[in-house]
Chemist: 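I'd like to ask you about the structure that follows.
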2 protein chains.
Amino acid sequence: MAKRTTVEVHQAEPCCAPVMTAPLQPEQAVDMAKMFKALGDPIRLRILSLIASSQDECCVCDLSSSFDLSAPTISYHLKVLREADLVDSDRRGTWVYYRPRTENLGRLSAILAVPGVPAVVGCS
Amino acid sequence: MAKRTTVEVHQAEPCCAPVMTAPLQPEQAVDMAKMFKALGDPIRLRILSLIASSQDECCVCDLSSSFDLSAPTISYHLKVLREADLVDSDRRGTWVYYRPRTENLGRLSAILAVPGVPAVVGCS
DNA sequence: TGAATGGATCGATCGCCATCGATATGGGAG
DNA sequence: CTCCCATATCGATGGCGATCGATCCATTCA
């Protein structure tokens with residue numbers, strides 16, 4: 001099964017071997033930990049999943065309405081995700097749109113992959 | 001529903017759809033975030049990769065020698081990984097051995113998987 | 001039984017993090 | 001230009017997290 005149109009390139013840069021395969025180098029560990037730390041908050045995980053599961057992109061106004069948190073707090077979490085290279089943002093007029101950075105999500109997925117267990121991916 | 005062999009149990013319980021596929025439920029997000037938070041520290045990532053990449057299991061004494069940290073600190077990080085259900089420990093005589101909990105590593109990998117991009121494992 | 005060693009726990013410290021109200025910035029709408 | 005709305009930034013605060021020395025617990029060995 002070949003690749004689909006919008007997502008492709010990604011697994012080209014694994015950046016480092018799966019954690020099950022070889023010890024992580026300290027420098028790579030710092031890099032990866034930065035991303036995992038950004039995922040280490042329930043609110044941010046939900047924000048990311050809202051962004052990633054929306055078609056193409058997602059407006060901040062849609063996000064805010066899903067949480068019982070102040071706007072500055074949502075903005076703060078988005079900044080953390082942005083600085084962890086997990087999402088990209090793009091202002092168009094009054095609104096700001098967010099997109100997932102699938103190449104980095106794929107890297108994180110790959111590094112946790114368990115040999116012999118295909119990390120299945122839903123929806124064919 | 002009975003389990004079969006230990007090898008294949010893993011991907012059986014994805015627990016939730018990949019983040020790219022559907023929004024995470026708050027409760028699941030709390031669950032997953034706990035594990036990601038444990039991975040959000042470079043030292044813990046390296047400890048986990050040492051445990052996971054060793055054959056079968058790994059003694060604490062081998063870990064300590066790889067870091068320039070006090071024994072209590074290593075022990076603290078191991079506790080965090082244990083409480084996040086990412087490793088299991090097992091005392092045999094004087095030494096304590098740690099093993100990765102591959103079923104949960106697999107779950108994390110699966111949740112970050114990008115549709116259309118097989119999170120290939122092993123060889124490349 | 002007592003000493004020695006591997007690990008875990010305790011208590012303290014210090015820095016970082018999540019949250020908010022207040023304020024700034026950047027674009028439409030009038 | 002002026003007002004308003006959507007986001008972002010600032011500053012403060014309360015709480016959690018990483019680290020260490022001291023201490024405790026378990027096991028082996030003399």
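Heavy-atom basis, side chains included; hydrogens, waters and symmetry copies ignored. In what follows, chains are A, B, ... by sequence order, proteins preceding strands, each numbered from 1.
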Chemist: Any side-chain N or O of B/His77 below 4.0 angstrom from OP1/OP2 of D/dT19?
Modeler: yes
Chemist: Does atom CG of A/Asp68 have more than 12 heavy-atom neighbours, drawn from other residues, nucleotides or ligands, at distances under 6.0 Å?
Modeler: no
Chemist: When you measure from the side chain of A/Ser49 to the backbone of A/Arg46, do you find a donor-acceptor pair of N or O atoms at a distance under 3.5 Å?
Modeler: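 Flag set: sc A/Ser49 to bb A/Arg46 pair under 3.5 Å.
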Chemist: Are A/Pro18 and A/Leu112 side-chain neighbours, meaning at least one heavy-atom pair lies under 4.5 Å?
Modeler: no
Chemist: Whole angstrom is fine here: how far is it from NZ in A/Lys79 over to C1' in C/dC20?
Modeler: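 Taking NZ of A/Lys79 and C1' of C/dC20, I get 16 Å after rounding.
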Chemist: Given C/dC16, is OP1 or OP2 found less than 4.0 Å from the side-chain N or O atoms of A/Lys37?
Modeler: no
Chemist: Of A/Ala71 and B/Ser70, whose closest DNA chain D nucleotide lies nearer the 5' terminus?
Modeler: A/Ala71
Chemist: The side chain of B/Pro72 is closest to which nucleotide in this list: C/dG7, D/dA22, D/dT7?
Modeler: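 For B/Pro72, the side-chain atoms sit closest to D/dA22.
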Chemist: Would you say B/Ser89's side chain and B/Tyr98's backbone share a donor-acceptor pair under 3.5 angstrom?
Modeler: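 Checked: no pair found.
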Chemist: Rounded to whole angstrom units, what separation is found between the CD1 atom of A/Ile74 and the P atom of C/dT19?
Modeler: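 So the CD1-P distance, A/Ile74 to C/dT19, works out to 8 Å.
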Chemist: Rounding to an integer number of Å, can you tell me how far A/Leu69 CG sits from C/dC17 C1'?
Modeler: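 About 14 Å, once rounded to whole Å.
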Chemist: Compare side-chain N and O positions of B/Thr94 against OP1 and OP2 of D/dT27 and report whether any pair is under 4.0 Å apart.
Modeler: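 No, B/Thr94 has no side-chain N/O under 4.0 Å of OP1/OP2 on D/dT27.
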Chemist: Does A/Tyr98 make a side-chain N or O approach to OP1 or OP2 of D/dA8 shorter than 4.0 Å?
Modeler: yes
Chemist: Closest nucleotide of DNA chain D for B/Thr73 versus for A/Asp62: which of these residues is on the 5' side?
Modeler: A/Asp62
Chemist: May I have the distance from A/Ile51 (atom CD1) to D/dT7 (atom P), rounded to whole angstrom?
Modeler: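 The distance from CD1 of A/Ile51 to P of D/dT7 comes to 12 Å, rounded to the nearest Å.
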Chemist: Rounded to whole Å, please give me the gap between CG in A/Asp90 and P in C/dG27.
Modeler: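 In whole Å, C/dG27 P lies 12 Å from A/Asp90 CG.
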Chemist: Could you tell me the separation between the CZ atom of B/Arg44 and the C1' atom of D/dG17, rounded to a whole number of Å?
Modeler: 8 Å
Chemist: Figure out the CZ/C1' separation between B/Arg91 and D/dA26, and round it to whole Å.
Modeler: 5 Å
Chemist: Would B/Arg92 count as a cation-pi partner of B/Tyr97, with NZ or CZ less than 6.0 Å from the six-membered ring centre and within 45° of the ring normal?
Modeler: yes
Chemist: What's the CH2-P distance between A/Trp95 and D/dA8, to the nearest Å?
Modeler: 14 Å
Chemist: Would you kindly compare A/Asp41 and A/Gly93 by the position of their nearest DNA chain C nucleotide and give the one closer to the 5′ end?
Modeler: A/Asp41
